[in-house]
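Along the sequence shown, residues carry numbers from 1. When a ligand or atom number is given, it counts from 1 through the structure's own listing order.
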Amino acid sequence: MTLGKLLKSGADKLAQNGISEAALDARYLLLHVTGISPAMFLVRENEETGAETEERFNELIERRASRIPLQHILGTQVFMGLEFAVSPDVLIPRQDTETLVERVLYDRQRMENSPSLLDMCTGSGCIALSLAVLGDFRQVVAADISLKALAVAGENARRILPRRWKDWEDENNGTSRFRLIQSDLYDNIPGDMEFDMIVSNPPYIPTQVIQELEPEVRDHEPWLALDGAGDGLKFYRRLAAESGAHLKPGGCIYLEIGYDQGPAVRSLFEAAGFTNIEIIKDIPGQDRVVAAKWPQEGTHV
Ligand code: GLN
């Protein structure tokens, strides 16, 4: 069979199983199996494949047809132009979340001194690491309740930081500008640790809504990273109450939110004493990020 025909048979099988991006997914899987680049594929489409390639490809198509996420099969996902390792222990990085990162970078450019950053609920580390690489941060701390997620974030730090973030590890005294902390929100964050910026994409899907999500998400992604309890707002309540203690005066927090959570999250942060609250839309035009400022010294009540 030619590569082109093999691709078509895989895409048909995925389409029959209700995979919406069947042709695209089949192409990614074939490129993965053969190691051929997208450009070279066009030239080699009429080449005969070996039995071994066919067998390995068909095996991956079977897995994808059973609704295992493409990224779990490939083991990676690109976010902000960087390739992150993913596993079933972390949320697969979403394009929606790039809205959050881009907004932080925008604000970062307007700051004079290199800020410190905390990423709460880091998962794969995609937010913390892309900001470390693309913005100039003095220090980046990434926290998560899950040790398994932190193992993935650590793998991504080793994969992404060494060539791209200057002096990220000080080999002489063993300190690192990038640090992982296992913590249920702020429980294990030292009380005197304050940041210029805090970012978070916490779990925010109401429990009963998770049941209605695509099988890829519902059955294969960690509920720990999705489940925001009854109304989806559980973690925003705690973040609103606890984040001020870890922000410098005038520091800002940036939160990813669900499309219908903007007004509720705004109220929670307003009630907790934050100011300059903004709701920011993603590219499709849905509310996606809430940004809020912790007041300057002397203005607290
Ligand atoms: N945006 C994700 C989804 O729709 C959820 C992310 C989260 O709960 N933090 O699956």
Hey, is Asp287 close enough to Arg266 for a salt bridge, meaning N to O under 4.0 Å? no

Residue, atom name and distance, where the atom is the protein heavy atom closest to atom 2 (C) of ligand 1: Arg94 NE, 3.8 Å

Closest protein heavy atom to atom 1 (N) of ligand 1, given as residue, atom name and distance to 0.1 Å: Tyr204 OH, 3.0 Å

May I ask whether Ala225 places a heavy atom under 4.0 Å from ligand 1? yes

Which residues pass the salt bridge (Lys or Arg N to Asp or Glu O under 4.0 Å) test with Arg103, not counting sequence neighbours? Asp107, Glu278

Check: of Ser200, Pro202, Gly232, Pro203, min heavy-atom distance to atom 9 (N) of ligand 1 comes from Pro202

State plainly whether the residues Asp196 and Arg108 are in salt-bridge range, i.e. N to O under 4.0 Å. no

Are the ring centres of His246 and Tyr186 closer than 6.0 Å? yes

Kindly indicate whether the side chain of Arg64, heavy atoms from C-beta on, has any atom under 4.5 Å from the side chain of Leu70. yes

Just jot down the ligand 1 atoms closer than 4.0 angstrom to any heavy atom of Leu91, in number order. 6 (C)

What I want to find out is whether Glu59 reaches Arg56 closely enough, with some N-O distance under 4.0 Å, to be called a salt bridge. no

Of all the atoms in ligand 1, which lie at a distance below 4.0 Å from a heavy atom belonging to Asn201? 7 (C), 9 (N)

Proximal atoms of ligand 1 relative to Leu226 (non-hydrogen, under 4.0 Å): 5 (C), 8 (O), 10 (O)

Considering non-hydrogen atoms of the protein only, which is the closest contact for atom 4 (O) of ligand 1, and what is the distance? Ile205 CD1, 4.1 Å

